[in-house]
Undergrad: 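Next up is a structure, given as structure tokens.
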Amino acid sequence: MIFNLDLLEEDPFAFFILFSALGTALLLGIAFHEFSHAFIADSLGDRLPRSRGRVTLNPLAHLDPLGTLLIATVGFGWGKPVPINPNATANPQASLWMTAAAGPISNFIVAALAGIPIRAGLVEWSSPFFTPFTNNWGTAEYAGYYLSTLVLISVILGIFNLIPIAPLDGFKVVQGLLPRDLSIQFSQLERFGPIILIVLIALPFLTGGEVGLLFDIMAPFIETLVNVFTGIDRELY
């Protein structure tokens with residue numbers, strides 16, 4: 001579990017590094033994520049995001065008050081969705097999936113950049129899901145711990161958002177990629193998405209950890225991308 005309170009007693013600085021990395025990943029994962037939606041929509045001719053002041057890297061334009069409060073208190077939250085109008089573009093179908101995909105891709109960009117020092121051998125990978133052995137840790141070890149956490153959380157956010165269940169970005173990606181007739185049929189599932197997503201998220205808590213379908217689906221993709229971005233080949237969880 002990433003919220004390892006034992007770490008607070010064993011190494012308070014490592015605990016601070018962990019939550020700093022988590023906060024960085026979540027803030028970037030929201031602000032840069034939403035900016036990317038807005039930027040691509042604007043580039044394709046949809047001026048709605050610009051008219052709402054969303055084509056900016058200023059986090060204040062993208063942070064939702066309640067979502068931000070939850071980030072600070074429970075470690076997870078959300079940003080303000082970017083309003084888009086694909087019908088204002090030359091190719092609405094293509095604009096829909098490209099705008100939707102831009103958000104998760106931005107998470108992968110953050111992960112790739114954070115993974116460069118690990119891949120280059122400047123710092124070592126240190127999974128945040130394990131309590132680190134911090135005796136004799138120095139700057140390089142703490143930096144590796146910070147960057148490893150940033151890579152992993154960013155990849156998790158990107159993969160999660162690509163799940164094809166509304167209101168996640170993956171739903172609109174699939175909707176935009178399908179042939180028009182199938183896309184219209186697929187869009188009818190949108191109203192069921194939030195319920196399905198809540199059930200999938202709640203399953204591990206309701207079954208005492210016995211059933212984690214969402215994690216089981218995401219895990220192979222998370223491991224593959226983390227390995228690609230960092231060059232490591234070891235257990236992540």
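Residues take their numbers from the sequence shown, with the count starting at 1. Given the structure is predicted, the values throughout are model-derived calculations rather than measurements.
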Undergrad: Is there a path from Phe160 to Leu28 through hydrophobic residues (I, L, V, M, F, W, Y) whose side chains come within less than 4.5 Å of each other?
TA: yes

Undergrad: Can you tell me how far the CZ atom of Arg54 sits from the CD1 atom of Ile84, to the nearest 0.5 Å?
TA: 11.5 Å

Undergrad: Considering only heavy atoms from C-beta outward, does the side chain of His62 approach that of Thr56 to under 4.5 Å?
TA: yes

Undergrad: Checking the side chain of Asp46 only, and the main-chain atoms of Asn85 only, is there a donor and an acceptor separated by less than 3.5 Å?
TA: yes

Undergrad: Do Phe186 and Ile196 sit in one hydrophobic cluster, given that two such residues count as connected whenever their side-chain heavy atoms are within less than 4.5 Å of each other, even indirectly?
TA: yes

Undergrad: Answer yes if Leu96 and Leu48 sit in the same cluster of Ile, Leu, Val, Met, Phe, Trp and Tyr residues linked by side chain heavy atoms under 4.5 Å apart, and no otherwise.
TA: no

Undergrad: Are Leu168 and Phe192 linked, directly or through other ILVMFWY residues, by side chains that come within less than 4.5 angstrom of each other?
TA: yes

Undergrad: To check you understand the geometry: which heavy-atom pair defines the closest contact between Gly103 and Asp169, and what is its length?
TA: CA-OD2, 4.4 Å

Undergrad: Measure the spacing between CG of Leu147 and OG1 of Thr230 and express it to the nearest 0.5 Å.
TA: 11.0 Å

Undergrad: Treat each ILVMFWY residue as a node, draw an edge where side-chain heavy atoms are under 4.5 Å apart, and state whether Leu200 and Ile156 are in one component.
TA: yes

Undergrad: Nearest 0.5 Å, what's the CD1-CG distance between Ile195 and Leu197?
TA: 11.0 Å

Undergrad: Between the main-chain N or O of Val228 and the side-chain N or O of Arg119, is there a donor-acceptor pair closer than 3.5 Å?
TA: yes

Undergrad: State whether the side chain of Arg180 and the backbone N or O of Gln93 hold a donor-acceptor pair below 3.5 Å, judged by distance alone.
TA: no

Undergrad: Does Thr99 use its side chain to pair, donor to acceptor, with the backbone of His37 at less than 3.5 Å?
TA: no

Undergrad: Within the distance-only criterion (no hydrogens, no angle test), does the side chain of Glu141 pair as donor or acceptor with the backbone N or O of Gly138 below 3.5 angstrom?
TA: yes

Undergrad: Can you name the closest pair of heavy atoms from Trp97 and Val173 and give their distance?
TA: CB-O, 3.4 Å

Undergrad: Within the 4.5 Å heavy-atom criterion, are Val110 and His33 side-chain neighbours or not?
TA: no

Undergrad: For Arg47, does the CZ atom sit with more than 12 other heavy atoms under 6.0 Å from it, leaving out its own atoms?
TA: yes

Undergrad: May I ask you to decide if Ile184's main-chain N or O and Ser187's side chain share a donor-acceptor pair within less than 3.5 Å?
TA: yes

Undergrad: Hey, does Leu152 have a side-chain heavy atom less than 4.5 Å from the side chain of Pro128?
TA: yes

Undergrad: Contact between Leu26 and Leu157 at the side-chain level, heavy atoms closer than 4.5 Å - yes or no?
TA: yes

Undergrad: Would you check if the distance from the ring center of Trp137 to the ring center of Tyr145 is below 6.0 Å?
TA: yes

